[in-house]
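Let me give you the structure first, and then I'll get to my questions.
Quick caveat, the model's predicted, so the values are computed rather than measured. Side chains included, hydrogens not; waters and symmetry mates left out as well; all remaining heavy atoms used. Start at 1 and go down the list; that is how both ligands and their atoms are numbered.
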Amino acid sequence: MLKVYGDYRSGNCYKVKLMLHLLGREYQWVGVDILKGETQSEAFLAKNPNGKIPVLELEDGTCLWESNAILNFLADGSEFLPSEPRLRTQVLQWQFFEQYSHEPYVAVARFIQLYLGMPDGRREEHARCVVGGYKALKVMEKQLERTPYLVGEQYSIADIALYAYTHVADEGGFCLEGFPAIRAWLERVASHPRHVTMLG
Ligand SMILES: N[C@@H](CCC(=O)N[C@@H](CS)C(=O)NCC(=O)O)C(=O)O
């Protein structure tokens, strides 16, 4: 059976969980506590030398890491990854955007606020993350004013990648009041019959 090493509160790990539920795949969840340093143990580093969750361990023992790479592996051949090259590239485009222009701000602001409880020493960094995060949210809003999903008409792994931290952006100090297209998209994604919540 597939094994997922992760933390339920982590958006990067939630991407993998959501994907597996949407595909109806069985898996075993192995909890990893990042605050206790469990990602830095020798045993864990043998699975991901970069010391980060999520990790997907396949039946033959192969370990895949990097959440969006895992999404591409799992979605291969399914309705969640278009085969047409232009559309598939647009999926990747949004996933690279997520990792470089969204996650480093929205997820890190949430980490500082939710996991660390906003320590004084990280308030300035949090404020910088909020600025960067709103910039990314504006880019998403523009796209979602035009199309129901990030890549046109079809729910894809681009949406899963960006849903993960956007739907809990409030936990990082973001307000989505001024982003009606994003709010409608969040509801659209969550209305899928096989949707699962982050903590569900
Ligand atoms: N780019 C990676 C980021 C993974 C990541 O940052 N994971 C965090 C939890 S959300 C982690 O494992 N942090 C522990 C650490 O860095 O020691 C991905 O998308 O999978």
Review point. Does ligand 1 have any atom that is closer than 4.0 Å to a heavy atom of Asn12?
Key: yes
Exercise for review: Assign the ring pair His192 / Phe80 to parallel, tilted or perpendicular, where the plane angle (0 to 90°) is split at 30° and 60°.
Suggested key: tilted
Review point. Going by heavy atoms in the side chains, are Arg188 and Tyr155 under 4.5 Å from each other?
Key: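 Of all side-chain heavy-atom pairs linking Tyr155 with Arg188, none is under 4.5 Å.
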Check your understanding: So which protein heavy atom does atom 12 (O) of ligand 1 come closest to, and at what separation?
Key -> Ile53 N, 2.9 Å
Check your understanding: Regarding Glu103 and Tyr165, is there a side-chain donor-to-acceptor distance under 3.5 Å anywhere?
Key ->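 No, because no side-chain N or O of Glu103 sits under 3.5 Å from a partner of the opposite role on Tyr165.
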**Study point:** Per-atom contacts, ligand 1 versus Gly51 - under 4.0 Å to a heavy atom
**Key:** 15 (C), 17 (O)
Point to revise | Cation-pi geometry met for Arg9 and Tyr115 (6.0 Å, 45°) | key: yes
Point to revise | Nearest neighbour in protein (non-hydrogen) for atom 10 (S) of ligand 1 | key: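 For this ligand atom, the closest protein heavy atom is Ser10 OG, 3.2 Å.
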Study note, to complete from the structure: Filtering Asn68, Ile34, Asn48 for the heavy atom nearest atom 13 (N) of ligand 1 leaves Ile34
Review point. Counting each atom of ligand 1 from 1 as listed, which ones have a heavy atom of Pro54 under 4.0 Å away?
Key: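 Those qualifying, in numeric order: 20 (O).
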Practice item. With atom 6 (O) of ligand 1 as the reference point, say which of Gln95, Lys15, Lys52, Gln40 has the nearest heavy atom. Key: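 Going through Gln95, Lys15, Lys52, Gln40 one by one, Lys52 has the nearest heavy atom to atom 6 (O) of ligand 1.
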Practice item. Please state which part of Tyr165 comes within less than 4.0 Å of ligand 1, counting heavy atoms only: side chain, backbone, both or neither. Key: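 Within the 4.0 Å criterion, Tyr165 contacts ligand 1 through side-chain atoms alone.
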Check your understanding: Is there a donor in the side chain of Asn12 and an acceptor in the side chain of Ser10, or the other way round, less than 3.5 Å apart?
Key ->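 Side-chain D/A pair, Asn12 to Ser10: absent.
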Practice item. Look at atom 20 (O) of ligand 1 and say which protein heavy atom is nearest, naming residue and atom and giving the distance to 0.1 Å. Key: Ser67 N, 2.8 Å
Practice item. Answer yes when Lys15 and Glu98 have at least one side-chain N-carboxylate O distance shorter than 4.0 Å, and no when they do not. Key: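 Salt bridge flag = yes for Glu98 with Lys15.
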Check your understanding: Is the OH atom of Tyr163 crowded by more than 12 outside heavy atoms at less than 6.0 Å?
Key ->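 Result for OH/Tyr163: enclosed.
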**Study point:** Protein contact to atom 2 (C) of ligand 1 [nearest heavy atom, distance to 0.1 Å]
**Key:**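 Result: Glu66 OE1, 3.3 Å.
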